[in-house]
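All remarks here apply to the structure that follows.
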2 protein chains.
Amino acid sequence: MEASVNYIKEILLDKDIKPSHHRIRIFQFLALNRYHPTVEMIYNDLIDEIPTLSKTTVYNTLNLFVASNLVRVLNIDEVEARYDITTDNHGHFRCKSCGEIYDFEFDSNYLSGEELKNFQIHEKNVYFNGICFSCLKI
Amino acid sequence: MEASVNYIKEILLDKDIKPSHHRIRIFQFLALNRYHPTVEMIYNDLIDEIPTLSKTTVYNTLNLFVASNLVRVLNIDEVEARYDITTDNHGHFRCKSCGEIYDFEFDSNYLSGEELKNFQIHEKNVYFNGICFSCLKI
DNA sequence: GTTCCTGCAAAAGCTTTGCAGAAGA
DNA sequence: TCTTCTGCAAAGCTTTTGCAGGAAC
C-alpha cells in the first residue's frame, strides 16, 4: 500500500477529513505497520516523533477513521481493540499463547447464510483462535 | 436442546464443575434463552427467582463455563460481552440499527487459509454486521 | 470440619466526555 | 477572526479481585 503523505492526504480529503499532521501520521503508521496495533502501541510508537501526542487524539482519530470506513476495529482481543487499515476480506487468527495476530485469506463468497438473504451486510469479520505454529514448536 | 436439571447436572459434572443451584440455573437460562444475552440481561432475568444473586456470581459462573468450553463469548458487541451455549459452527449477525443478534449457518470447511496450515485452530468466529430486514422495512 | 461457592465493595483497565487552549486557514 | 483540532483531567462502564461469610457434604 502506498503510504506517501500526499497520497494519504488525498484519501483523507476524499472522506472530508482534514489532513492534520497527527491524522496523517496515524494513518501512515497503520498503513506501514500492519500488525493490528492497539491504541497503546500506536501511542507508544508515535510519541517519540510527536512528543505532544495524547492518547485522546489517537482515540479520536481512530474513531474518525472507523466512522469513515478507512480503518477497521478488530474485537479479536477481549481486552483492547485492535486496528487495521481496511482491505479486502481476510480473516484474523489470534494465538492464545503468544497473543500474536495473523492474517489469512478466505473466499467470503462462501460465507453467507440463507437466513440473511434480505439483510444488508456491511462487514464480515472472521476471527479464529488457537495456537500458532511458532508456539506449537516450543 | 434438553435443559432439564438432571441433564445439566451431568453436563457440569462431566466437566468437573460442581452443580450448584446458581450454576444450574445460569446454564439452564442460556440453554433456554438463545438470544445471546449479556451479563446484565442474565442477572436481571434471574434476580427475581434468585433474590440473592450477584453479578459477580454471574461473571464467575460464565467464566467457568467458558473455560470448560460449555459456553462461548461473543465479542460482536463492542461494549459488552454476549454469551451463547456452545454449538456447531454458526455465524452471528448484529444489526447496527436495533442491536439484535441473529444466528446464521455456514459451512466452516470453506473457511481455512493456507497460511494457517500448521496452526492448531480452536475456535472459528464469524461476525457480520449491517442492517436487518426488520429495520430495512421501516 | 473442611472445602469452595457466593456476594459486597473496591479496584482495575479501556474508552469517552467536557472543556479550555492551541493551531491553522 | 473563526473554526476545529488537540490534550489534560475526570468520568463512565464493564469486568476482575480481595476477602469474609455461608452453604454443602
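In what follows, chains carry the letters A, B, and so on, assigned in the order in which the sequence lines appear, proteins first and then strands, with residues in each chain numbered from 1.
Legend: salt bridge (charged side-chain N to carboxylate O under 4.0 Å, His left out) pairs involving residues 53-70 of chain A, not counting sequence neighbours, sorted by first then second residue: E40(A)-K55(A).
Applying the side-chain hydrogen bond (donor to acceptor under 3.5 Å, both in side chains) rule to Q120(A) yields the partners H122(A); only residues at least two apart in sequence or on another chain are considered. Contacts of R94(A) classified as salt bridge (charged side-chain N to carboxylate O under 4.0 Å, His left out), with partners at least two apart in sequence or in another chain: none. With sequence neighbours excluded, the residues that form a side-chain hydrogen bond (donor to acceptor under 3.5 Å, both in side chains) with E114(B) are K117(B).
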Just list the side-chain donor-acceptor pairs under 3.5 Å for residues 56-69 of chain B, sequence neighbours left out, or say none.
{"unit_1": "T57(B)", "atom_1": "OG1", "unit_2": "S54(B)", "atom_2": "OG", "d": "3.3"}
{"unit_1": "N60(B)", "atom_1": "ND2", "unit_2": "T56(B)", "atom_2": "O", "d": "3.4"}
{"unit_1": "T61(B)", "atom_1": "OG1", "unit_2": "T57(B)", "atom_2": "O", "d": "2.7"}
{"unit_1": "N63(B)", "atom_1": "ND2", "unit_2": "Y59(B)", "atom_2": "O", "d": "3.4"}
{"unit_1": "S68(B)", "atom_1": "OG", "unit_2": "L64(B)", "atom_2": "O", "d": "3.4"}

Using atom types as modelled, flag every donor-acceptor pair under 3.5 Å from a side chain in residues 17-32 of chain B to any protein atom, sequence neighbours excluded.
{"unit_1": "S20(B)", "atom_1": "OG", "unit_2": "R23(B)", "atom_2": "N", "d": "3.3"}
{"unit_1": "R23(B)", "atom_1": "NH1", "unit_2": "K18(B)", "atom_2": "O", "d": "3.1"}
{"unit_1": "R25(B)", "atom_1": "NE", "unit_2": "E49(B)", "atom_2": "OE1", "d": "3.3"}
{"unit_1": "R25(B)", "atom_1": "NE", "unit_2": "E49(B)", "atom_2": "OE2", "d": "2.5"}
{"unit_1": "R25(B)", "atom_1": "NH1", "unit_2": "Q28(B)", "atom_2": "OE1", "d": "2.6"}
{"unit_1": "R25(B)", "atom_1": "NH2", "unit_2": "E49(B)", "atom_2": "OE1", "d": "2.6"}
{"unit_1": "R25(B)", "atom_1": "NH2", "unit_2": "E49(B)", "atom_2": "OE2", "d": "3.4"}
{"unit_1": "Q28(B)", "atom_1": "NE2", "unit_2": "A3(B)", "atom_2": "O", "d": "2.7"}

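One interatomic measurement links the two molecules: CD1 of I42(A) to C1' of dT15(C), which rounds to 14 Å at whole-angstrom precision. The distance from atom NZ of K55(B) to atom P of dA10(C) is 16 Å, rounded to the nearest whole Å.
Taking every nucleotide of DNA chain D with any atom under 4.0 Å from a non-hydrogen atom of chain A, the first and last of them, 5' to 3', are dT4(D) to dA9(D).
Nearest-nucleotide positions on DNA chain D place T56(A) closer to the 5' end than the other of V39(B) and T56(A).
L13(A) belongs to no hydrophobic cluster, as no Ile, Leu, Val, Met, Phe, Trp or Tyr side chain comes under 4.5 Å of its own. The other residues sharing a hydrophobic cluster with L136(A) are I131(A), where clustering joins ILVMFWY side chains under 4.5 Å apart. Here Y127(B) is tied into one hydrophobic group with L74(A), I76(A), I101(A), Y127(A), L74(B), I76(B), I101(B), each link being a pair of ILVMFWY side chains closer than 4.5 Å.
Within residues 69-80 of chain A, the residues having any heavy atom under 4.0 Å from DNA chain C are, by residue number, V79(A), E80(A).
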Determine whether D103(A) and H36(A) satisfy the following criterion, side chain to side chain contact (heavy atoms under 4.5 Å, CB included), listing intermediate values before the conclusion. CA-CA 10 Å; D103(A) 289 344; H36(A) 324 92; 2.7 Å; yes

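Judged by distance alone, the side chains of H92(B) and D77(B) never bring a donor and an acceptor atom under 3.5 Å apart.
Note on Y59(A): every side-chain N or O is 4.0 Å or more away from OP1 and OP2 of dT16(C). OP1 or OP2 of dT16(C) has at least one side-chain nitrogen or oxygen of N63(A) nearer than 4.0 Å.
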Give every pair of a protein N or O atom and an N or O atom of nucleotides 3-6 of chain C that lie under 3.5 Å apart, one pair per line with the distance.
{"unit_1": "dC5(C)", "atom_1": "OP2", "unit_2": "R23(B)", "atom_2": "NH2", "d": "3.1"}
{"unit_1": "dC5(C)", "atom_1": "O5'", "unit_2": "R23(B)", "atom_2": "NH1", "d": "3.4"}
{"unit_1": "dC5(C)", "atom_1": "O5'", "unit_2": "R23(B)", "atom_2": "NH2", "d": "3.0"}
{"unit_1": "dT6(C)", "atom_1": "OP1", "unit_2": "S20(B)", "atom_2": "OG", "d": "2.8"}

